[in-house]
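Working notes for the structure below.
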Amino acid sequence: MFLKFRTKLLLAMMFLVGTVTAATLFATRERVQRAYEHMFEEHAMAQFDLFKRARTNRLQSVRIRCSLLANNVRLRQILRTRINPAAESGERDAEAEEILYQTAEDELRDLRGSTELNGGLLSAKFFRFLDANGNVVRPPRGVDVGLRRPREIQERLEKNLLLLHPALTNLLPQQIGYLPYFASNGEKELAEVIFTQCIDHVSGDLLGALVIGFPVPLDPAGIGQIQSGIWQEGKIYSAALAAAAELSLAERITPAIQRGATKGDFSVQVQGDPCQVSYRGLSEGGDFPPTYQVLLGSKAEALKEQARLQLKILSFGIASMAVAFVFSILLSHSLTDSIRALVGGTREIQQGNFQYRVAVASRDEIGQLADSFNEMAKGLADKEYYRSVLDKVADPAVAAELAGGRIALGGETREISVLFCDIRGFTKLTENMPPAEVIQMLNEHFTPLTRVVDECHGMVDKFVGDLIMAVFGAPKSYGDDARNAARCALRMIEERTKLNQTSQYKIEVGIGVASGSAVAGNMGSDRRLNYTVLGERVNLAARLCSKAGRMQVVIDQTTRGHIGARANVEEMAPLELKGFSAPVPAYILREFNSSDVT
Amino acid sequence: MKHSYWLGLIALYCAVSGARADAVIEGIVKLPPPKTTAAKAARYKAAATVGKPEKPVAVVYLEGDFPAASGATARPEIEQHNLQFSPGVLPVRVGTAVSFPNNDDEFHNVVSYSKAKTFDLGRYRKDEKPPPVVFDKAGEVELGCEIHEHMRATILVLETPYFCKTDEAGTYRLGNLPAGKYTLKVWINSRTTWSKPVELKDGETLKVDFAGPASATDISQTAH
């Protein structure tokens with residue numbers, strides 16, 4: 001039993017500690033993840049914002065210059081009077097093209113070429129004019145318009161610039177967007193393009209547009225663990241991300257954007273590294289192809305932190321589990337020891353050892369239980385003592401009835417046999433005996449005789465001096481009470497005779513037995529009562545006893561009738577007895593026949 | 001005022017030629033309705049002083065084989081006044097020199113990128129007199145002012161000596177014309193030129209109206 005309890009306790013403790021640890025681990029993981037995502041989101045927002053503001057700053061003056069250039073009177077006059085009419089008739093006016101671009105080149109000189117200025121950021125990659133139909137005005141040879149050689153690159157650029165057709169008829173006089181171009185090494189790059197309409201202010205007609213492109217400043221380092229790139233038409237342009245990363249990100253983002261998403265945040269595995277990605281729209285609306293800024297943040301650091309934290313929690317959990325283990329063993333030990341002691345105690349009590357006491361080791365509930373146990377044992381011992389005392393002063397059967405609370409004051413008429421046995425010549429015998437010796441002699445005398453009464457299913461009613469009064473058939477009848485009484489009488493003679501041989505006192509007894517109806521019950525008060533029998537038969541038995549000779553048993557007629565032929569009797573002359581008006585027939589009981597076996 | 005001067009000159013010329021009983025063509029050209037243009041004068045300080053541009057008129061001329069110009073005696077000019085060119089349309093014969101006086105207090109800069117004549121007079125004030133420009137190639141020359149974008153004018157350089165401007169209603173009269181078969185052309189604007197073949201007889205007045213590109217209108221010949 002104790003093993004099972006200990007195991008239970010152990011398991012309970014382990015379970016508790018384990019659950020708490022697991023819950024903590026889970027909770028921290030959730031928190032750490034969310035904290036990272038939150039932090040990333042904030043940084044991402046900051047970076048989106050930063051990029052836009054940096055672009056505004058960077059291009060602010062350039063936009064103004066583009067506006068001025070597009071509004072240049074000469075350029076517009078050239079467009080209006082030469083280029084557009086030629087385009088309308090499907091011809092090319094090479095001279096006009098030259099004049100147009102040369103005029104523009106002077107204005108743009110400070111925007112191109114110089115790489116010392118602002119770290120090359122303001123160095124434009126290319127510029128072109130578009131005529132009223134949106135076609136590129138072919139730049140002449142002598143003017144450096146950027147992205148001319150090889151011809152393939154120019155053609156691709158012009159093809160991309162055709163994407164801006166809708167921008168011409170749009171109401172926006174100036175737009176900023178992104179267009180791809182092919183660099184000299186064949187790589188596709190992204191250009192930040194300012195598109196400005198040229199409008200005839202007199203007629204309101206659209207004359208064409210000025211398109212000027214700058215290299216996009218792609219930060220190769222990234223800010224605070226976050227790398228950035230730009231997505232356009234299924235490709236990501238960046239300086240910080242690896243080519244494989246660009247591809248996998250594009251694969252994730254492109255379908256979402258095609259489905260109509262204008263921004264997004266998600267987690268992704270990039271080359272085995274878990275990362276957080278965020279993207280937002282970049283072009284100011286308008287007619288440029290949709291472009292998005294993409295930010296990538298590696299979760300590696302955060303995950304490392306999380307792992308460290310989890311390890312700490314785990315080790316704490318294991319330590320607590322070990323401590324819990326030890327504690328639970330100690331606790332269960334003390335508990336089960338106490339219980340074992342108590343169980344041992346109950347076994348002792350079971351076996352009747354009411355003196356057993358359990359050691360009280362503590363003041364807790366177990367100690368209280370031990371205390372109660374001891375109290376109970378003492379109570380039981382007391383009861384047992386009282387019971388034994390009761391048994392001593394009353395017949396065990398009566399004691400049982402009394403203890404069981406079944407005897408009330410009052411009596412009943414029963415058929416009984418009463419036996420009186422007293423010592424012949426007692427007074428004379430004890431004349432000069434000291435009281436102590438008298439009592440010793442009487443005790444020695446009464447002990448075997450009481451045993452005999454018991455063996456013969458009789459009840460010792462009382463001891464009066466040297467007299468024993470025994471009742472057969474009350475409170476309970478064992479059947480054949482008269483015979484039992486008679487046998488008892490003869491056995492008493494036997495016992496006394498045996499005792500006379502060994503004892504220092506030679507005593508001779510006389511016994512009288514009578515049977516019939518008598519009243520049996522509790523006589524006295526409810527505080528102090530005595531179970532006894534009353535009646536004429538009882539008197540008769542007492543008288544017959546006094547008439548009995550030495551070692552002689554005298555029985556009355558009724559008894560004789562009950563015994564019948566089972567015993568040898570000798571009829572006596574009817575006795576004159578005090579209290580009886582007529583002479584009473586009596587018999588001397590000699591012996592039982594061998595046929596009657598007790 | 002200048003317009004009537006020119007019309008008067010042409011009338012005189014026609015009248016003089018009339019003594020030789022030359023042919024005359026007259027008629028009405030249906031001018032397209034003028035586009036309402038608000039002068040974008042907000043940039044200039046003197047916004048109130050921008051004058052109204054000349055109402056658009058057409059130039060009617062007779063195209064054919066004519067002897068080359070001997071030497072232009074006329075000295076037409078396009079002035080800048082009240083921040084507008086005046087006249088807005090000037091037909092001249094090939095080889096004519098045109099001057100561009102600045103009658104405003106502001107600077108002006110007459111610029112043209114047209115194929116027929118590309119020139120840039122540079123900025124000049126009222127008292128400066130840049131040399132006149134000789135237009136030696138036939139064609140259309142669109143003028144602009146580099147400072148004031150709204151200032152526009154057109155010089156039509158023609159081979160033929162027989163040309164005149166219509167009035168604002170579109171009425172014209174070409175006189176002293178030699179007899180023969182020619183093409184009568186009407187320049188409406190840089191995009192639009194209508195033409196009609198005509199046959200001229202001495203002493204006849206041909207009435208030709210133009211309402212569209214190839215409309216045949218009343219051609220009534222009357223001897224005069």
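Below, each value reflects all heavy atoms present in this structure, side chains not excepted, and no hydrogens, waters or symmetry copies. Order of the sequence lines fixes the chain letters, A, B, ..., with proteins taken first and strands second; residue numbering starts at 1 for each chain.
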* **Residue, of A/Arg80, A/Gln77, A/Arg74, that accumulates the most heavy atom pairs under 4.5 Å with chain B** =>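 If we count pairs closer than 4.5 Å to chain B, A/Arg74 comes out on top.
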* Interface moiety of B/Thr118 toward chain A, non-hydrogen atoms closer than 4.5 Å ->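 The answer is the side chain of B/Thr118.
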* To do: Heavy-atom distances under 4.5 Å only: say whether A/Arg82 touches chain B with side chain, backbone, both or neither.
  =>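 Looking at A/Arg82, just its side chain touches chain B.
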* To do: Can you tell which part of A/Asn72 gets under 4.5 Å to a heavy atom of chain B, answering side chain, backbone, both or neither?
  =>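 A/Asn72 has no heavy atom closer than 4.5 Å to chain B.
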* Distance flag, aromatic centroids of A/Tyr178 and A/Phe288, threshold under 6.0 Å ->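 Centroid distance A/Phe288-A/Tyr178: not below 6.0 Å, so no.
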* Asked: Hey, do the aromatic rings of A/His201 and B/His150 have their centres closer than 6.0 Å?
  ->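 Centroid separation for A/His201 and B/His150: 6.0 Å or greater.
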* Asked: Do the ring planes of B/Tyr172 and B/Phe210 sit parallel (below 30°), tilted (30 to 60°) or perpendicular (above 60°)?
  ->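 It falls in the tilted class, 30° to 60°.
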* Is any side-chain N of the basic residue among B/Lys165 and B/Glu54 closer than 4.0 Å to the acidic one's carboxylate O? ->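 B/Glu54 and B/Lys165: salt-bridged.
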